[in-house]
Visitor: 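Encoded as structure tokens, here's the structure I'll be asking about.
Labels below follow one simple rule: chain letters A, B, ... track the order of the sequence lines, proteins then strands, and each chain is numbered from 1. Quantities reported herein were computed from a predicted structural model and do not represent experimental measurements.
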Amino acid sequence: MASLPSVVVGNTVKLDRQFKKLTPSSLSLQNRNFNPKESDKSALDPFNLDFREALTLIQEGNTKVESSFYVPILQECIEKNSVSDVQALHAHVIKRGSYQDLFLMTFLVNVYAKCGTMESAQKVFDNLPARNVVTWTSLMSGYVYNSHPHLAISVFKEMLEIGGYPTNFTLGIILNACSSLCDIELGKHIHAYIIKYGIEYDASIGNALCSFYSKCGSLDMAFKAFSRIGEKNVISWTAIISACGDNGDSAMGLDMFVQMLSEGVDPNEFTVTSVLSLCCIIQALGFGTQVHSLSLKLGYGSQIPVTNSIMYLYLKNGCINEAKKLFDGMNTISLVTWNAMIAGHSQMMDLGQDGISTHFSGIEALKIFQRMKRSGVKPDLYTFSSILTVCSNLVALEQGEQFHAQTIKTGFLSDVVVGTALVNMYNKCGSIVRASRAFVEMSARTLISWTSMITAFTQHGLCQQALQLFEDMRLVGVRPNKITFVGVLSACSQAGMVDEALAYFELMKNEYKINPVMDHYACLIDMFVRLGQIEQAFEFIKKMDFMPSEFIWSILIAGCRSHGKLELGFYAAEQLLDLKPKDPETYFLLLNMYFSASRWKDVSRVRKLMKDEKIGKLKDWSWISIRNKVFSFNPDYQLSQEGELKKLLEDLQERARILGYQLQANLEVIDDEEETTSLPAHHSEKLAVAYGLLNTSNGRQIRVVKSISMCRDCHNFIKFISVLTSRTIIVRDSKRLHKFFNGNCSCGDFGSLL
DNA sequence: CTAGGGTTAG
């Protein structure tokens, strides 16, 4: 680092005015601080003129004006983002000789920067008669503002070389540059410099350090930087609150918010939006609602970002009506508002709601997209990634293809998130070929892109490709996370590669220091179960340092049922019942197990528990999307009115029987005390598949999405259909993707627990 | 004259 002082100070013309930022309305008001010479006053008082008039006067007049005259007009140029007006004023400044005024010229650097024309800002800077630390800092700030952090840093180094001495402002700006570059090295260097030279640790330094460490992923250091600030201002608090959110500790962020209020600091609109986004992450609707009313009290109700984030919070929590009310009440609907609406609808599925509301909110999201386009708003990358996700959820391939085309036309495909969303869309719509093409064509890939593609191969039963891609990913130096390992372990599980699975499990723990989560154990247990090694699976459950979840016991029970291990199955069922499962499907798994073992007492015990826990019937819906239209089916579908559909199903059933298909009965509907065994051969996906067969041309893929898991019988039957019709049939149920082709399914036949 | 914070994505 450069040695201290030797500040370059130009012959700064001191002006005795205070230049506060002027709003357009304040321009027309008399400013008490403005006190021009009498001679200028009558003709050229910018505070008595409107913008255009002032500009015209300046351009026509030959009078020399004071430097301060330009400032409010230039301010307005920033607001209007009018570079040409800035250039006109600049020309005038040169002609009238005010270019000697370092104060004014520094301001001009900032004006050009704020208008996004850094070339001009740099040119003004280069021609300055003298430079001081403020002019240097202005240039750096311009480069950071225009997303050229590396250029800001080279200006910084240049300044140090000629002996310039950075101030708190300078260091704050450079720390920001480090944040956006994730340049940990330089950031720490700056921090050391601050300590070494005893730079006063004020809020500007503390806030910048706090954000810097947060963006580098060290919440600990962010907290240290924060706590050293003597007088914490709103920005300090907002910085630490967002730091918590960015580093995965949203609950802590809410704590900090409470602490901030208790210390008597009022949040501003930025704080409110940050807090609301934390509420979104951890689904803290109640807290968010309180924050919302607080923000109304503080007068931020008309702030668009505040409304956007509360609307998004409502949507993510399924409060569609509240969200709609806010949306309808907004007088300015920004692109972000549309995006929040679309993203909110596309994400309602994360609520643990059934697949039916997910489906309808997806359809709603498509409608919102159309409304947005009709209103003349152009979609951006956020819109496209959300809408592609909607297509994934709906298994709406044709729609997805159209959006793909639009991303190409608009150039947003080059965005890595859009590209990743596209990979996911093709995968979830059952097209692994196009998914991998989209992946290969990406110009850049994030960890999430790699993970998506690995998971895609796994879901399509292409385990070798999944593992190969994982190795490629490591070769190019991308560090896997726990989700990547779920994909890897699940690939091994499907392929029955026990040794590899265990080796990857160790690799994850030892080399990547990732603590296993339930999903990893579930993969391994699933693997043993698939291989029929039920005892090993059970041993593994006993050995793991986790309380087995509902899902783990379900896998074991399904395995016990398939492999006739009744006693262990009953034991597991007791464990499962103790957990008071949440997922309705789990109860049906138990019912079916007891039913097939003729344990009637247990059947009624489970039924009673279901009543106590208010578990309703399973809502069996399937949808098929053909040429942008969605058709819905459930078991109540009136087949008699559709002679063709009924005939087709009967015909397929008969031909399947000849090939060896046998109907497996399941306990289906629990209607109070009444129970029926299912004979209707017509779960919703059979109807949807048959409808697809009738309404698409021969050889085309059939793509169906279903609200709950497939039952074994349907799973088996559709394998036969794929043989009888030579079609590829994709059914995405609530748990996984099934791609049926030539009598096989990509899930490796252990995909249906029910 | 130079800053610091925010909404929507996989």
Visitor: Could you tell me whether the side-chain ring of F169(A) sits stacked on the base of dT2(B), using a centroid cut-off under 5.5 Å and a plane angle under 30°?
Guide: yes

Visitor: Just compare dT2(B), dG10(B), dG4(B) and give me whichever is closest to any side-chain atom of N176(A).
Guide: dG4(B)

Visitor: Side chain of I448(A): nearest nucleotide among dA9(B), dG10(B), dG4(B)?
Guide: dG10(B)

Visitor: With a sphere of 6.0 Å drawn around CD of Q370(A), does it hold more than 12 non-hydrogen atoms of other residues, nucleotides or ligands?
Guide: yes

Visitor: Looking at dT2(B), dG4(B), dT7(B), which one has an atom nearest to any side-chain atom of V134(A)?
Guide: dT2(B)

Visitor: Is there a stack between F103(A) and dC1(B), judged by ring centres under 5.5 Å and planes under 30°?
Guide: yes

Visitor: Which residues satisfy the salt bridge (charged side-chain N to carboxylate O under 4.0 Å, His left out) test with D328(A), sequence neighbours excluded?
Guide: K324(A)

Visitor: For E401(A), enumerate each residue passing the salt bridge (charged side-chain N to carboxylate O under 4.0 Å, His left out) test, keeping only those at least two apart in sequence or located in another chain.
Guide: R434(A)

Visitor: Among dT2(B), dC1(B), dT8(B), find the nucleotide with the atom closest to the side chain of N339(A).
Guide: dT8(B)

Visitor: Give a yes-or-no answer on whether the side chains of T484(A) and T451(A) include a donor-acceptor pair shorter than 3.5 Å.
Guide: yes

Visitor: Taking the side chain of A203(A) as its heavy atoms from C-beta onward, which of dT2(B), dG4(B), dT7(B) lies nearest to it?
Guide: dG4(B)

Visitor: Counting the atoms with a prime plus P, OP1 and OP2 as sugar-phosphate, which does A208(A) contact under 4.0 Å by heavy atoms, base, sugar-phosphate, or nothing?
Guide: nothing

Visitor: Base, sugar-phosphate or nothing for N168(A)? Non-hydrogen atoms, less than 4.0 Å.
Guide: nothing

Visitor: Classify the side chain of T451(A) versus the base of dG10(B) as yes if they form a donor-acceptor pair under 3.5 Å and no if they do not.
Guide: no

